Amino acid sequence: MKISKNQDYEIIIEDLTQNGEGVGRIDGYALFVKDTVIGDRVIARVTKANKNYGYGRLMEIIEPSPDRVMPPCPAARACGGCTLMAMSYASQLEFKRKLIRGNLARIGGLTEIEVPPVIGMDKPYRYRNKAQFPVGSDRDGNIVIGFYAGRTHSIIPCDDCLIGDSVNAGILAEIKSHMLKYKIKPYDELSHTGLIRHVLIRVGFATGEVMVCLVINGEALPASDELVKALQNLPLPDDRKIASVMLNLNRESTNVILGTECRLLWGAPYIEDFIGKIKYRISPLSFYQVNPVQTRKLYGLALDFAELTGNETVWDLYCGIGTISLFLAQNARKVYGVEIVPQAIEDARRNAAINGITNVEFFTGRAEEILPDFYARESARAGAPMTADVIVVDPPRKGCAETLLATMVKMQPARIVYVSCDSATLARDLKYLTQNGYEVKKVQGVDMFGMTGHVETVCLLSKLHADQHIGV
Ligand code: SAH
């Protein structure tokens, strides 16, 4: 059957990609259709027809999937963020479990591993502690604050985001009325004119502290004292309080949201928050986990899997601002963290200092270079191979370089804890480790990004004993 562009076809959605696009088949030809849910019977109009697969637009739902729900956010379809919002939360979690299981089996050859239900959130809304709203104008010149429509740069007005904090809407309304009152122009990307580009809001969920940061195409904000006063007087829900009002200067013609320079308008140049017992200081530019509640669960599991007694030497590779390192340090003799971004390492060192943690040491550089170099030097110095008790890795989506995995194996840790944000590369790396003397003991998914297709996975590997050790 020849599939033609602009034709309508009736299909049943059988699968979902990680980006949340439904997949149905027309005589074996795969059609990807946004805004659908597994189990929907739909009419889709083909918008792009390649040889073996194509893309379609949802025209009509003939029979909704039993997993389909009414997305609670009115902007759900237009906004590119919450691709799974039309699916019940329970079925989102089940989808994520199957995704992990499928990747481990298909890519890692790990067909025997049990993948338990993904650990979900108690409430899958309002979980993000950070939001960045673009500011612009509509065709009639009215100020719009909201979100970019999926894969575009047109702003859909949205003063509230259901996965964002409940303080956001009130703060945005105050900023908009300040702009109207003082005739402050929103930024226009095309002409690179206007002042206000983005509003960044960060909230410390444990402390209630709120940071408001206006990203501006200029040096100063007209009547900034007035805005500070208005924000201070704004009644905020859930015991939140404004603790920091800042400007971030970004005069570049770029898609990058934040510039490198910040100016304090009021309060502290940072807010503080806790994950477990560890305190973090967060500035506009610092990296910080956006879902601290689930992060606590994820890193708590990593800590359990590490089975520390207080005597261990531990490496935390891809350590970021040291969230896992500081968690581990409470129960280890010594923790070494490695991270490529120098500012993150500065934050990690400061986080260690403000918590009085002294048994951590951080290195800046590529894990796949730092660890092999360290191993070679230390092994030569001591005249015996350098070892570690536990190695934790938390790499970005591309996973670990094979040179790093090879060095990890040489260090013979009793346990490896692998935290992953992409179960496909996790599966690839697990294949290498299981072929080189390690065995997968446990796998657990944790949902950090409800309503989106992302899932985090934590995996425990342990070293096989010499007599179990085949293949090396
Ligand atoms: N556990 C960290 C977050 C890990 S996210 C925390 O809680 O802060 C992955 C990290 O890997 C990012 O901070 C990224 O900057 C870093 N990274 C990316 N490539 C790297 C590499 N080749 N070597 C070391 N770190 C790298």
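The model shown is predicted, which means the values in this text are computed figures rather than measured ones. Counting starts at 1 for both ligands and their atoms, in listed order. The figures here come from the full heavy-atom set of this structure, side chains too, leaving out hydrogens, waters and symmetry mates.
At the shortest separation from atom 25 (N) of ligand 1 among protein heavy atoms lies Ile340 N, 3.2 Å. Protein heavy atom in closest approach to atom 14 (C) of ligand 1: Glu339 OE2, 3.5 Å. When only non-hydrogen protein atoms are considered, atom 7 (O) of ligand 1 lies nearest to Thr323 OG1, 2.7 Å. At the shortest separation from atom 8 (O) of ligand 1 among protein heavy atoms lies Ile321 N, 3.2 Å. Here the heavy atom of the protein found nearest to atom 21 (C) of ligand 1 is Tyr318 CE2, 3.6 Å.
By the 4.0 Å heavy-atom criterion, Pro396 is counted among the residues contacting ligand 1. For Ser325, the closest heavy-atom approach to ligand 1 does not fall below 4.0 Å. Using a 4.0 Å cutoff on heavy atoms, Tyr288 does not count as a contact of ligand 1.
Among the atoms of Val338, none of the N or O lies under 3.5 angstrom from an N or O of ligand 1. In terms of polar-atom proximity, Glu368 is counted as a contact of ligand 1, with an N or O under 3.5 Å from an N or O of the ligand. No N or O atom of Gly322 sits closer than 3.5 Å to an N or O atom of ligand 1. Close N/O approach between Asp394 and ligand 1 is found [any backbone or side-chain N/O within under 3.5 Å].
Taking every non-hydrogen atom of Phe287 and a distance limit under 4.0 Å, the qualifying atoms of ligand 1 come out as 8 (O). Close approach of ligand 1 to Cys319 (heavy-atom distance below 4.0 Å) involves ligand atoms 1 (N), 2 (C), 6 (C), 8 (O). Heavy-atom proximity to Gln289, at under 4.0 Å, picks out these atoms of ligand 1: 6 (C), 7 (O). For ligand 1, the atoms sitting less than 4.0 Å from at least one non-hydrogen atom of Arg366 are 23 (N), numbered in the order shown with element in parentheses. Close contacts between ligand 1 and Gly365 involve ligand atoms 23 (N), 24 (C) [criterion: under 4.0 Å to a heavy atom]. Contact atoms of ligand 1 toward Val341: 15 (O) (distance under 4.0 Å to a heavy atom of the residue).
Glu369 contributes no side-chain N or O that, together with a main-chain N or O of Ala367, makes up a donor-acceptor pair within less than 3.5 Å. Checking side-chain atoms of Asn355 against main-chain N and O of Lys279 turns up a donor-acceptor pair under 3.5 Å.
If you look at Tyr187 and His192, their ring centroids are closer than 6.0 Å. For an aromatic pair to be called close, the ring centres must be under 6.0 Å apart, and Phe133 with Phe147 satisfies this. Aromatic rings of Trp315 and Phe374 (six-membered ring for Trp) have centroids within the 6.0 Å cut-off, being under it.
At a cut-off of 3.5 Å, with distance as the only test, a side-chain donor of Tyr89 or Asp447 sits close to an acceptor on the other residue. Between the side chains of Thr83 and Asn19, no donor N or O sits under 3.5 Å from an acceptor N or O. In this structure, a donor-acceptor pair under 3.5 Å is present between the side chains of Tyr299 and Asp394. Tyr53 and Asn50 form a side-chain donor-acceptor contact under 3.5 Å, judged by distance and modelled atom types alone.
When the heavy-atom distances from atom 24 (C) of ligand 1 to Cys400, Pro395, Pro342, Ala367 are ranked, the shortest goes to Ala367.
In this structure, Arg281 is positioned above the aromatic face of Tyr270, its NZ or CZ under 6.0 Å from the six-membered ring centre and within 45° of the axis.
By the 4.0 Å N-to-carboxylate-O rule, Asp165 lies close enough to Arg240 to be salt-bridged with it.
The one candidate from Val115, Val118, Val446, Leu426 that meets the side chain to side chain contact (heavy atoms under 4.5 Å, CB included) condition with Thr457 is Leu426.
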